[in-house]
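Encoded as structure tokens, the structure appears first; notes follow it.
Along the sequence shown, residues are numbered consecutively beginning with 1.
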Amino acid sequence: MPKLMEMQFPVKPAVIEGLLPAGTYLLAGAPKVGKSFFVLQMAYRVSTGGTFLDCPVHPGTVLYLALEDTLDRLQKRLVQMTEQDSPDLILSVLADTLDENLLAQLEGFLMDYPDTVLVIIDTLQRVRGRTPDSCSYAADYDTLAKLKTFADAHGITLVLVHHTRKESAEDVFHTISGTNGLMGAADGALILHKDRRTGADAVLDVTGRDQPDMRLHLCFDPACLCWELVERETAPYQEPPDPLLEAISRLVTAEYPEWHGTATELAQQLQSGGFTPNWIVRRLNAKYDILLQKYGIRYRTRRSKAGKTLLLRWVGVR
């Protein structure tokens, strides 16, 4: 535990703030409910920047594997969806399975496009390969675990389009086709469902390890083939104020952009709050990404024979 508390992990910004944190996610729904329109719209918006369902996106290159579509269908949909091309949206209707060379293909793609932030595979079933026991928790878990391990190793977000079962369930996430091994290995899931297949209204339920459960009410606009946010039942999660980070934000500002010293000196300078040197270091190691993203202050450490020095620098709120 002491060694873990000393570690600092790379910052993984959400691809879509308040909706899609970094990680591996299932997007499930009944056939022809609008999942492919949803992920194509998501892919385009992330590749261009701006917002998706009124949520800010972290832009970058997007790979969309539309494995149940054709290039001419994708062209027709994109022409109707937008008038502006995105050079950072890469589309393909062909890919190997996991039993073949899918991971090697993705590895090669990331070498060619190192600024990739999102990969969408539509659908999961197309890349699963052989599944000797379709009702096996172990087989489902292994499939998702391979993809999640790859995504985590490369720091990308992976969205896997999947189907739901015909049978209803009290918990909508229990309708995901397959065993609980899929949800067990994934970081979260999004379920797109309608009360009436012919209706334009739908509900998007979201759950995950790094976000609270939420429900969004959507409406499909056939003119531009886009989903639009109608109502958000649950407000986006907001990290509660951290007393240490708040105190540091008053110490390190645009007027006084740098501070360095030991944890003991920092505890003395902050004066109030009952912060101990050991608690400060542990807290900053775990919260340095929030300190940077919310307050615009970069935290680093430097070791010397005299001990550990903490470095705080104001870089501006992004």
Exercise for the section: Say whether Val57 and Met42 are linked into one hydrophobic cluster, either directly or through other cluster members, by side-chain heavy-atom distances under 4.5 angstrom. Expected result: yes
Completion exercise
For Leu244 and Asp242, the nearest pair of non-hydrogen atoms, with its separation, is N-OD1, 2.9 Å
Problem - Inter-residue atom distance Leu225.CG - Ser36.OG, 0.5 Å rounding - result: 12.0 Å
Exercise for the section: Check whether the side chains of Asp99 and Thr97 place a donor and an acceptor atom closer than 3.5 Å, and report yes or no. Expected result: no
Problem - Over 12 non-hydrogen atoms of neighbours within 6.0 angstrom of CZ in Arg209 - result: yes
Practice task
To the nearest 0.5 angstrom, please state how far the CG atom of Asp205 sits from the CG atom of Asp213.
Solution key: 8.5 Å
Exercise for the section: Count the heavy atoms belonging to other residues, nucleotides or ligands that lie under 6.0 Å from CD of Glu231, then report whether that count exceeds 12. Expected result: yes
Practice task
Taking all non-hydrogen atoms of both residues into account, name the closest pair between Leu27 and Val39 and its distance.
Solution key: CD2-CG1, 3.2 Å
Problem - Heavy-atom side-chain contact between Phe38 and Val161 under 4.5 Å - result: no
Problem - Flag side-chain contact, heavy atom, 4.5 Å: Met81 against Leu40 - result: yes
Handout entry: Pairing of Arg77 and Asp69 as salt bridge, 4.0 angstrom limit
Key = yes
Practice task
Please answer: with hydrophobic residues joined when any side-chain heavy atoms are less than 4.5 Å apart, are Leu266 and Trp279 in the same cluster?
Solution key: yes
Handout entry: Pairs meeting criterion ring pair (Phe, Tyr, Trp, His ring centres under 6.0 Å) with involvement of residues 66-109, two or more places apart
Key = Phe109-Tyr113
Practice task
Hey, could you give me the CG/CZ distance between Asp96 and Arg126, rounded to the nearest 0.5 Å?
Solution key: 13.5 Å
Handout entry: Side chain proximity check, Thr253 to Ile297, heavy atoms < 4.5 angstrom
Key = no
Practice task
Check whether Val230 and Ile16 end up in the same hydrophobic cluster, where Ile, Leu, Val, Met, Phe, Trp and Tyr are linked by side-chain heavy atoms less than 4.5 Å apart.
Solution key: no
Exercise for the section: Would you indicate whether the side-chain heavy atoms of Trp259 and Gln269 approach each other to under 4.5 Å? Expected result: yes
Exercise for the section: Treating Ile, Leu, Val, Met, Phe, Trp and Tyr as nodes and any side-chain heavy-atom pair under 4.5 angstrom as an edge, say whether Leu124 and Tyr137 lie in one connected cluster. Expected result: no
Problem - Short side-chain to backbone donor-acceptor contact, Arg215 and Leu204, under 3.5 Å - result: no
Handout entry: Check ion pair Lys35-Glu68 (N to O, under 4.0 angstrom)
Key = no
Practice task
Please name the residue in the list Val62, Leu91, Asp85, Thr82 that meets the side chain to side chain contact (heavy atoms under 4.5 Å, CB included) test with Tyr44.
Solution key: Thr82
Handout entry: Heavy-atom side-chain proximity of Leu63 to Leu106 below 4.5 angstrom
Key = yes
Practice task
Answer yes or no: does atom CG of Asp72 have more than 12 heavy-atom neighbours from other residues, nucleotides or ligands under 6.0 Å?
Solution key: yes
Handout entry: ILVMFWY cluster, Ile156 and Val127 together (side-chain gap under 4.5 Å)
Key = yes
Handout entry: Side-chain heavy-atom pair Glu6, Val281 within 4.5 angstrom cut-off
Key = yes
Exercise for the section: Ignoring hydrogens and angles, state whether a donor on the side chain of His154 or Glu107 is under 3.5 Å from an acceptor on the partner side chain. Expected result: yes
Problem - Donor + acceptor pair across side chains of Tyr64, Asp122 (<3.5 Å) - result: yes
Handout entry: Nearest-0.5 Å distance, OH of residue Tyr25 to CG of residue Leu144
Key = 12.5 Å
Problem - Heavy-atom check, side chain of Leu19 versus side chain of Leu190, under 4.5 Å - result: yes
Completion exercise
Distance col, row Tyr141:OH vs Thr179:OG1, nearest 0.5 angstrom, shows 11.5 Å
Practice task
Show your working on side chain to side chain contact (heavy atoms under 4.5 Å, CB included) between Ser92 and Gln105 and close with a plain yes or no.
Solution key: CA-CA 12 Å; Ser92 176; Gln105 287 180 328; over 6 Å; no
Practice task
Over all heavy atoms of both residues, which pair between Ala189 and Met183 is shortest? Give the atoms and the distance, please.
Solution key: CB-SD, 3.3 Å
Exercise for the section: Please report the closest heavy-atom contact between Leu229 and Leu53, naming both atoms and the distance. Expected result: CD2-O, 3.6 Å
Problem - Any Leu310 side-chain heavy atom under 4.5 Å of Tyr299 side chain - result: yes
Handout entry: Set of side chain to side chain contact (heavy atoms under 4.5 Å, CB included) partners for Val117, sequence neighbours left out
Key = Val46, His58
Practice task
Not counting sequence neighbours, list each pair that qualifies as a ring pair (Phe, Tyr, Trp, His ring centres under 6.0 Å) and has a residue in residues 167-222.
Solution key: Phe37-Phe220, Phe220-Trp227
Completion exercise
CG of Asp201 to NZ of Lys194, rounded to nearest 0.5 Å, is 8.5 Å
Exercise for the section: Give the minimum heavy-atom separation between Arg128 and Ala139, together with the two atoms involved. Expected result: NH2-O, 4.0 Å
Practice task
Specify the closest pair of heavy atoms between Ala28 and Thr164, including all atoms of both residues, with the distance to one decimal.
Solution key: CB-CG2, 3.8 Å
